[in-house]
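Just so you know, ligand 1 is whichever comes first in the structure, and atom 1 is the first atom listed for that ligand.
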Amino acid sequence: MKKIFIIFGPPGSGKGTHSARLACSYNIAHLSTGEMLRQKASDEERALMKKGILVSDNRLVELLRVRIQNSDCDNGFILDGFPRNLLQVELLDNLLKEQSLSLEAVIALEAPEDVLLSRLSGRRFCPNCSNNYHLTYDPPEQDGFCSCGFELRQRADDNSETIRARLRVFKEETIPLLDVYSLRSLPIIHVVSAGEINDVQKIIYERVQSTLLLSRFV
Ligand code: AMP
């Protein structure tokens, strides 16, 4: 059976980092809708992203519909950044149903707002290989450069005004989804992700493992 997870959490909570690590542990694909958009967005969509506003729900689900046909999704996938509002929950339900797939669990990350702000403002990414760094917590070996040799950049939406907008969108549109998923018989794995990356990764992995084991016996 395919392992399908949603990772949920405010911007800066470590969704990208921990999705990538979990994807590696289970040999599943890491599907970040933000990353898909950064590669394929139209000028109009880029303008919305720069302001921290959500782009069209249908556009995202169509990108996902195509992406999950890829062979790297054969064992499953982890959805990072989708769904982000109630309509997207419905669109995802339809997409999974039509492919006879079902969710294993939702991993919900949380961290205090000061941690989120400091993570986002110090974040740098590589435009070549999409690797993420942090100026203080996860600095590159060579100042300003990725291990692949490309110069690191700051995301257009990691400025203080857009960060505030993204946190507001998360509170208003995305947090309510936890209630929706809690009402289903679906495991919700809450993890405080304020600590050191490897410690948080270990906690997530252990909690996911026990959830998978339990679900096999129910
Ligand atoms: P992220 O990389 O997940 O922080 O996403 C960056 C930006 O991409 C968001 O602020 C939105 O503008 C857009 N985006 C990513 N995922 C979605 C989604 N599921 N629905 C709408 N917009 C999205």
* Does the side chain of Arg123 reach to within under 4.5 Å of the side chain of Asn132, using non-hydrogen atoms? -> yes

* Asked: Using a 4.0 angstrom limit on heavy atoms, which residues are close to ligand 1?
  -> Thr33, Gly34, Leu37, Arg38, Met49, Ile53, Leu54, Val55, Leu60, Gly81, Phe82, Arg84, Gln88, Arg155, Asp157, Arg166

* Checking salt bridge (charged side-chain N to carboxylate O under 4.0 Å, His left out) for the pair Arg67/Asp72: CA distance, chi angles, key distance, verdict? -> CA-CA 9 Å; Arg67 182 64 184 80; Asp72 66 345; 2.7 Å; yes

* To do: With sequence neighbours excluded, tell me which residues meet salt bridge (Lys or Arg N to Asp or Glu O under 4.0 Å) with Glu45.
  => Arg59

Name every donor-acceptor pair, under 3.5 Å, that has one atom in a side chain of residues 169-180 and the other anywhere in the protein, sequence neighbours excluded.
from	atom 1	to	atom 2	distance (Å)
Lys171	NZ	Glu113	OE1	3.1
Thr174	OG1	Arg84	O	2.8

* So among Asp80, Val208, Ile28, which one has a side-chain contact (heavy atoms from CB on, under 4.5 Å) with Leu22? -> Val208

Under 3.5 Å, which donor-acceptor pairs do the side chains of residues 5-18 form with other protein atoms, sequence neighbours left out?
from	atom 1	to	atom 2	distance (Å)
Ser13	OG	Pro10	O	2.7
Lys15	NZ	Gly9	O	2.9
Lys15	NZ	Pro10	O	3.4

